[in-house]
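Have a look at the structure below, then the notes.
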Amino acid sequence: VRDRVIFKRMVLDGVAWAKEVATMKWANASAIVRAHNDFRKMKKVTSESGNLSHAADMATQCYEIMKSRPDIISGYFIKGKHKFSDYNLISGHRS
């Protein structure tokens with residue numbers, strides 16, 4: 001499940017990068033590339049150090065954080081939630 005989430009995230013980042021290049025927003029495109037490079041470096045260093053349990057723990061924590069956040073894109077376009085107050089984030093209740 002975690003690998004699917006990371007794959008989807010990288011695909012979406014690739015689409016975002018293409019959009020930024022097409023609109024000639026070079027700073028944003030560069031930031032996306034730097035984020036990918038940093039992720040790969042972190043993954044490589046973690047696997048070389050043999051501390052794979054640490055990498056798994058970090059990935060699990062990231063997945064749990066992403067899973068606990070509201071899906072703003074589908075909320076905006078499908079559910080019609082156009083304000084952050086529509087998400088009830090303060091009470092901890094997700095709709």
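A quick note: this is a predicted structure, and the numbers were derived from the prediction, not measured. Values below: all heavy atoms of this structure, side chains included; hydrogens, waters and symmetry mates excluded.
With salt bridges taken as basic N to acidic carboxylate O contacts below 4.0 Å, none links Arg34 and Asp38.
Side chains of Phe7 and Arg9 form no contact here, defined as non-hydrogen atoms less than 4.5 Å apart.
With Trp17 as the fixed residue, the side chain to side chain contact (heavy atoms under 4.5 Å, CB included) test singles out one of Asn28, Ile32, Leu12: Ile32.
Taking hydrophobic clusters as Ile, Leu, Val, Met, Phe, Trp and Tyr residues chained together by side-chain heavy-atom distances below 4.5 Å, Trp26 does not share a cluster with Val15.
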